[in-house]
Each structure stands twice: as structure tokens, then as C-alpha cells.
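I'd like to ask you about the structure that follows.
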Amino acid sequence: MNYRAIKAIYTFEMSRFFRTLLQSFLSPVLSTCLYFVVFGTAIGSRMESVDGVDYGAFIVPGLIMLSVMTQSISNASFGIYFPKFIGTVYELLSAPISFLEIVIGYVGAAMTKSLFIGLVILGTAFLFIDLDIQYPIAMILFLLLTCLSFSLLGFIIGIWAGSFEQLNLVPMLVVTPLVFLGGSFYSISMLPPIWQTVTLFNPVVYLISGFRWAFFGQADVAIGISLWAIGFFTLVCLVVIWWIFKTGWRIRT
Amino acid sequence: MPSVVSIQHVSKIFSDGFKALDGVDLEIKDSEILALLGPNGAGKTTLISIICGISSLTTGKIQVGGYDVESQYRKAREMIGLVPQEIALEPFETVMNSIRFSRGLFGKPKNEDYLDEVLKTLSLYDKKNARVITLSGGMKRRLLIAKALAHEPKILFLDEPTAGVDVELRKDMWQTIKKLKRKGVTTILTTHYIEEAEAIADRIGVINKGHILLVEDKVALMARMGKKKIYIDLTKPVIEIPKELSHYSLELIKGGLAFSYTYDTKSERTGITSLLNDLQSAGLKMRDVQTQQSSLEDIFVGLVEEKVK
Ligand SMILES: Nc1ncnc2c1ncn2[C@@H]1O[C@H](COP(=O)(O)OP(=O)(O)OP(=O)(O)O)[C@@H](O)[C@H]1O
Ligand SMILES: [Mg+2]
């Protein structure tokens, strides 16, 4: 294992993050404040509590998940797409490193960034409401798993993308709807029965539900099923990445 | 001397079906400087990319330092530094961070003194903390070289390293390459400047349309270059070379309407005067006489054209 290479990739990627630290910090804080003002206060005040949880608190896990998922995808996809775009990928390909080291470096950096943003949002939420997290360790683990699986997905998108449009296409057309329809702002039990069934095909439902369980000790789907779902999703991403590097798909001519 | 890079029957067919390399065999010797010449699209970059792991090979086998570039890629690649033809650099990073990254990627421990030294050698030290985007084109190319040297490679591939570099710095760069050679570094460079190959190469390889046409010692090639050709046009065609002239190495060309005579400009007696005298005594009338100096460029162009036919 070439640990120095992993460190080099990770440090290099993180320095991009630190160059834009203020922006990386301010934009999630701002958007969280807006969500709380609009959903938490304006709309939430006219709503009953959801499953015994105050609506303002109820949306916190969904809000964090929404940002963490989109940030993981955009960070990881950009991280590997950019070297391809400007041509510096030659260095990765000619270095004595394996695909595993490349993935750990890039995905690790992308995870760190989105984890940071997730925690910033959580911190901001405390400014608005009293939150009592039931299972803090499980919460962190769920957060990490989400960062990991969506950063892996982002990495795949970054390898696949042949242009900046394509880079934005999947997050926009697939991920954003899945995340919004995945129960970020509502419990799926609020939906008509037929839509409840349809929703169960949305993988994001399991993530948000599991994450919400860690906060409030109750969820739409059983926590065990959530864990299986996220584990399976991570595994699929890993297999796809392994195949990409084995075949050199879209990277090695 | 043992081969440090051994290329055996390597062919490359791109996914669109284009055959860019066709049965290439090439042995690169330890600590030599090999210049690879060839017209645009000859396959130089493709060959280098395959050795360095950027492209995969279709058939054949390549060993670097005795290690197979596919199955033992870590060992093989550790030895190699690559300067690509196209400038590709992370624009917002600093010069120093860029080369630190390269060193780390190749698994080498931190060594700031060495990296400083590399920057000094390439006249980039005063730009150490400048962002890449603020460098000039020639500086960027030198930074690419610095990145390739950052992990102390044993073998250096330079794909047109001096394109866009000014004359003075180009000469500096040649000195750097020669200095590396003294330290035991093997260098393979491609170039479109023939004088560059003449100035620093030990051996010269010519490639065209995916075939290696020639790999030869530069000195031997220069000896061929030191020759001049004289063309003697005759008023009437002859069927064969007259007996009186048989001891000259003449060649009958243009269907008997002309002779060509090759001589060494460096030798004391070129034999031109006696040849012209003997021509007259043989009763042949000259219509015109031309001379031509052969250069590496001619040899190169000649080779490339010959194989196209
Ligand atoms: N990815 C690719 N797919 C298909 N054909 C390619 C690809 N890359 C290169 N080629 C073709 O392979 C041939 C050799 O290209 P290569 O870049 O090796 O040439 P070169 O000798 O380096 O030329 P130059 O002096 O212009 O740099 C060219 O005809 C080129 O069009
Ligand atoms: Mg080229």
C-alpha cells in the first residue's frame, strides 16, 4: 500500500477545500438558516408535530442528509473529473498506485468535506431549536456511511462524465428528486398508501429514515433494513469502481 | 550494457480500430539519452504513454528495469518520470505544492531540500510560492519537468520538453539532461528539433506510422551525415558506367542521364577533380553539376518517405 500517495492525494484535494473555506462554511450555514426560517418557523408553526417530534426538529436530519448527499456527490465527482478535464490525470495513471489508493485519496477528501458541512448544519440547527440526539454514535456512523456511499457514487459520476453538463446532469436529474422525495421534509407515513409503496424503491428513504432514527429513536423503516440498504448501496458502488479500474473505462485509452 | 527498458513486439490498436503502433521492438540502454524522432502522428506519444501506464498495450510486452509494466506496475513506474507533451497542471496550486504532490504520489518521503534543488536547476526557485496560473508557458513546461524529477526517477521520458522554451533555457535544459545522465539517469526524449537530437542524444530512433525505422548511434549517423553527394547530369544517356570510371563508387540515375557520386567532405582527397577529368577522357559531356549535403534531417525525411511507398 502506497500510504504516501494516499496522503498526497488527500492533502492536495483538501487544500482546494481550504482555499475556499469561507465559501464552504458560509453557504451551508446560510441555506440552513433559510430552511429553518421557511420550513421550521413559517410553515412548521402551522403544522402539528410529526410522530410526536416538533416539525422544526423533525426536518433537521433530512436537511443534513440533503446537503451531505449532494455535497458528497459534487465534491467527489468534481475531484476526479477536474484532473481528467485539465489533463493532470496522466500523473495518477503513471504513478505507482493502485485504484484503491486513488479511491481512498479522492473519496476520503470528498467525505471529509461533506462531513464538515453536515456538522456545520447540525451546529447551525442548534441555534434554532433544542435537539436531543438519542443515539449520537449511531448518528455519526450513519453520517459517515452516507458520506462514504455518496462520495463513491460521485466518484463514479466524475469518471463517467465527459463534460461539465454531464457532471451536473445526474445530481440534478436523479439525485435531487430522490433526495426530496425521500422524506427529507416529511414522514412517508404522511403519503397515500400507493405512494408509500412507490417510495420504498427510493434508496434515499432508507438513509434518511435510519438517520432520523438515530436522532429520535423512531423511523419510517426499521433501522436494520436501513443498514442493509446503505450497506448494499455502498457495495454496489465499490463493485462498479473496481470494474472501472480493472477495465480502464473512461480513463485509460 | 543491459537494457533498462525493453519493448518487445508492441502493437497498439485504439478503440476506434486505428493501429498506432505496429510491432515495435526497442531496447533502451542504461543511462543513455535516446532521441525519438518522427513526424506528427508517428506514434511517439502513444509509445511513451504505454510504457508509463497511461495507455494499455494491445499486444506485446514491455519491461522497465526488468519489471513488467502491467503485472509489476508499481516497481516499474517507481523508476519512471514523465513529462507529457501537453501542459497539464493544477492551476490554483503553488509551484512547491505541485511538486510535493508528485513526490508523494510516487511514495517518496518528504525532502524539501531536494525539491528546492530541482527548482533551482530548472530556474524556477524564485517562483516557488507562485500559483501555477501566474507562470508563463515556458515556466509551466519547466514545472512539468520539475514534477517528473520530484521523485528522483531512474528513467526520464520527455515528450517534446523544449517546445515553447526559449533558446537560452533550452540549452540549460540540455545541460540538465546531460547532468542527469552522469548521475545514471536514462532519458528518452521526443523532439521535432533535429539540432536538439544532435546536441544531446547518444542514440537516435526514427519512428513513422507506428514502425521503428531505425535506431542508431548518433556518431555513426553523423558519419553518414558528413557525406556529400554530387550529381552529374549528362547530355546523352549511357547504358552502363564506363570501365574508365568503374573504380569510383558511382551510381547511374535518371535512366542513365546522370551519375551520383558520394564523397566524404572530411577526407583530404575527395576525388572530384580526377573524376571530372576521367569523365572527359571517357568521352562523356556534362550538362550540369549539383552538390547536396546530407543532414540528419535528410536521413530522417528520406527514411520516412521511403517507408511510405
Ligand atoms: N485516443 C486515441 N484514439 C484513437 N487514435 C489515437 C488516439 N490517440 C492517438 N491516436 C492516433 O495515433 C497516432 C499516433 O499518435 P501520437 O500522439 O502517438 O503521435 P506522435 O508521434 O506523438 O505525434 P506528434 O509529433 O504530433 O506529437 C495518430 O494518428 C493519432 O491520431
Ligand atoms: Mg506526441
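Just so it is clear: chains get the letters A, B, ... in the order the sequence lines come, proteins before strands, and each one is counted from 1. These numbers were taken from a predicted model, which means no experiment stands behind them.
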- Item | Side chain, backbone, both or neither of A:Ser98 within contact of chain B (heavy atoms, under 4.5 Å) | both
- At a heavy-atom separation under 4.5 Å, does B:Lys75 approach chain A through its side chain, its backbone, both, or neither? neither
- Message: Heavy-atom count check: over 12 atoms from other residues, nucleotides or ligands less than 6.0 Å from A:Phe99 CZ?
- Response: yes
- Query: Do the two ring centres, one from A:Tyr106 and one from A:Tyr10, sit under 6.0 Å apart?
  - Reply: no
- Message: Report which part of B:Ser49 has an atom under 4.5 Å of a heavy atom belonging to chain A: side chain, backbone, both, or neither.
- Response: neither
- Is chain A contacted by the side chain of B:Leu82, its backbone, both, or neither, given a heavy-atom distance below 4.5 Å? both
- May I ask you to name which of B:Arg100, B:Glu93, B:Met79, B:Glu86 has the most heavy-atom pairs under 4.5 Å with chain A? B:Glu93
- Task: Would you check if there is a donor-acceptor pair between the side chains of A:Gln166 and A:Trp160 at a distance under 3.5 Å?
- Result: no
- Item | Contacting moiety of A:Phe82, where chain B heavy atoms sit under 4.5 Å | side chain
- Message: Check A:Glu13 with A:Arg16, please: is the shortest side-chain N to carboxylate O separation under 4.0 Å?
- Response: yes
- Side-chain donor/acceptor of B:Lys12 to backbone N/O of B:Ser56, under 3.5 Å: yes
- Task: Give, as side chain, backbone, both or neither, the part of B:Glu78 having an atom under 4.5 angstrom from any heavy atom of chain A.
- Result: both
- Task: Among A:Ala8, A:Ser94, A:Gly87, single out the residue with the greatest number of heavy-atom pairs under 4.5 Å to chain B.
- Result: A:Ser94
- Query: Hey, do the aromatic rings of B:Tyr67 and B:Tyr73 have their centres closer than 6.0 Å?
  - Reply: no
